[in-house]
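Here the structure comes first, spelled out in structure tokens, and everything after it is commentary.
Letters go in sequence order (proteins before strands), and every chain restarts at 1. Remember, it's a predicted structure, so these values are computed and weren't measured experimentally.
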Amino acid sequence: MIKYPNKEEFNEIIKNNSLVLVDFYASWCMPCKMLAPVIEEIAEEYDGKVVVCKVDIDENEELANEYNIMSVPTVVIFKKSENIEEIIGLNDKSKYTRSLE
Amino acid sequence: MENILDVAIIGGGPAGLSAAINAVARNKSVKILTNKSNYLQKAEMVDNYLGFHNISGKKLMQNFLEHVQSLNIAFEYGKVINIMKYNDIFMINCNGEIIHAKTVILALGVVKNNLLKNEENLIGRGVSYCATCDGSLYKGKNVLVYGNADDIIEEANFLQKLGVNVTLITAKKELHDIHKDINILDGVVTEIVGNHKFEAVVINHEEVKADGLFLLRNSIAFNTIINDLDTYNGYIQVNRNMETNISGLYACGDCTGEPLQISKATGEGLVAAQNAAKYIDSLKEMK
Ligand SMILES: Cc1cc2nc3c(=O)[nH]c(=O)nc-3n(C[C@H](O)[C@H](O)[C@H](O)COP(=O)(O)OP(=O)(O)OC[C@H]3O[C@@H](n4cnc5c(N)ncnc54)[C@H](O)[C@@H]3O)c2cc1C
């Protein structure tokens with residue numbers, strides 16, 4: 001299940017889960033729409049292992065600024081609250097899953 | 001899902017146009033996605049293309065285009081930023097619009113982007129290749145626009161109208177139709193400065209700071225367009241069927257290597273189109 005957290009919920013999620021994947025997107029961004037089904041599939045496959053979140057950067061400007069999002073989509077992977085990888089742009093599913101393994 | 005093309009051809013030079021007419025001859029739906037300018041138009045005189053001796057590149061290109069237009073093949077003018085394959089369908093980002101296709105033929109010509117220092121590290125971190133894709137992120141901020149793209153002035157105007165403060169860096173003397181609020185800076189960028197985040201460019205040994213840099217060129221490095229594509233010496237690796245290492249993805253013309261010549265480009269375009277058509281038919285049989 002994909003979560004759509006606000007700032008407070010977001011901070012709780014990365015604090016309390018060992019592996020979190022966050023898709024920073026925007027409603028006007030076409031490549032983000034291309035990526036959406038890939039993220040959904042990852043959320044299903046890694047259900048119970050990885051918490052998958054989506055953050056709309058226009059609605060959550062503070063979070064976008066905090067993580068320096070300057071291009072969408074940007075996927076950030078957190079391991080034990082630590083930002084371990086940033087994957088910018090549109091990529092094959094394997095690029096995301098490789099980082100989760 | 002909306003319309004899925006049989007064949008999307010990226011690049012409208014001799015290779016792409018030859019691929020187009022040959023894919024249509026096999027009853028496939030085709031669209032050509034391309035920049036307006038191309039290489040052949042620059043050839044003053046072509047004397048080694050069979051049947052057309054002593055013809056200018058411009059005239060030969062015009063003949064090619066007339067042939068394609070007589071078949072009502074669709075064109076979309078724009079730059080392809082990237083392509084992703086997902087569940088056997090290619091999704092193509094052409095200036096922020098998404099086009100779906102069963103097969104893709106790359107006919108990109110030679111891509112000689114001399115990457116600027118630090119460019120690769122800072123792409124997506126303040127450096128962008130696409131104004132329509134990332135422009136909204138820079139509303140109210142200061143950006144630099146630089147490159148050789150045909151449509152660079154339109155793109156700079158687009159950003160300015162979006163509410164971005166634009167400075168266009170260019171060595172061009174004549175600038176038509178440019179938005180009156182855009183600043184112009186004369187020069188050549190030699191380096192990008194920034195550590196994990198874009199900070200400035202170096203022009204004439206001086207740093208010019210900004211919040212972002214739009215690098216708008218006519219072409220984009222192969223590996224930026226599509227992940228995991230095999231290349232060699234700066235060209236796309238193909239076999240005799242013009243297949244790349246990604247199934248359903250073909251390449252032809254100058255982008256596959258030497259000799260960089262028209263008859264090789266048109267010949268490879270035909271081979272790529274016929275094999276793409278076969279591949280599409282085999283997909284049908286599987287279903
Ligand atoms: C001055 C000069 C003289 C020449 N003389 C001869 C000659 O006498 N005989 C001969 O056989 N050959 C000659 N050539 C070479 C010939 O022009 C090329 O071999 C031929 O044009 C290759 O065709 P192509 O379709 O592979 O690539 P190109 O003609 O380069 O076409 C590629 C197209 O793809 C577009 N494109 C690239 N990237 C993208 C993208 N990301 N999105 C959208 N569009 C994109 C380009 O803008 C271009 O329109 C000459 C070339 C030059 C420059």
Rounded at 0.5 Å granularity, tell me how far [atom1] in [X] sits from [atom2] in [Y].
{"X": "Met91(B)", "Y": "Leu90(A)", "atom1": "CE", "atom2": "CG", "answer": "7.0 Å"}
{"X": "Ile98(B)", "Y": "Cys32(A)", "atom1": "CD1", "atom2": "SG", "answer": "9.5 Å"}
{"X": "Met34(A)", "Y": "His100(B)", "atom1": "CE", "atom2": "NE2", "answer": "7.5 Å"}
{"X": "Met70(A)", "Y": "Asp134(B)", "atom1": "CE", "atom2": "CG", "answer": "10.0 Å"}

**OP:** Taking the side chain as every heavy atom from C-beta outward, state whether Asn93(B) and Met30(A) have any pair of such atoms under 4.5 Å apart.
**Re:** no

Original post:
Heavy-atom distance under 4.5 Å between the side chains of Ile88(A) and Arg125(B), does that happen here?
Top reply: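 In short, these two side chains touch, coming nearer than 4.5 Å.
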
[atom1] of [X]: more than 12 outside heavy atoms within 6.0 angstrom?
{"X": "Lys80(A)", "atom1": "NZ", "result": "no"}
{"X": "Asn195(B)", "atom1": "CG", "result": "no"}
{"X": "Glu191(B)", "atom1": "CD", "result": "yes"}
{"X": "Lys79(A)", "atom1": "NZ", "result": "no"}

Original post:
Under 4.5 Å, heavy atom to heavy atom, which residues of residues 41-64 of chain A contact chain B?
Top reply: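 Glu41(A), Ile57(A), listed by number.
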
Original post:
Which heavy-atom pair separates Ser136(B) from Trp28(A) by the least distance, and what is that distance?
Top reply: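 Looks like CB-CZ2, 3.4 Å.
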
Subject >> Atom of Lys95(A), atom of Asn227(B) and distance for their closest heavy-atom approach >> reply: CD-OD1, 4.3 Å

Less than 4.5 Å to any heavy atom of chain A: does that hold for the side chain of [X], its backbone, both, or neither?
{"X": "Ile225(B)", "result": "neither"}
{"X": "Tyr138(B)", "result": "side chain"}
{"X": "Asp228(B)", "result": "side chain"}
{"X": "Ile81(B)", "result": "neither"}

**OP:** Mind checking side-chain contact (heavy atoms from CB on, under 4.5 Å) for Asn245(B) and listing every partner two or more places apart, or none if nothing turns up?
**Re:** Leu229(B), Asp230(B)

**OP:** Let me know if Asp92(A) has heavy atoms under 4.5 Å from chain B in its side chain, its backbone, both or neither.
**Re:** both

Original post:
Among Thr74(A), Val38(A), Asn68(A), Val72(A), which has the most heavy-atom pairs under 4.5 Å with chain B?
Top reply: Val38(A)

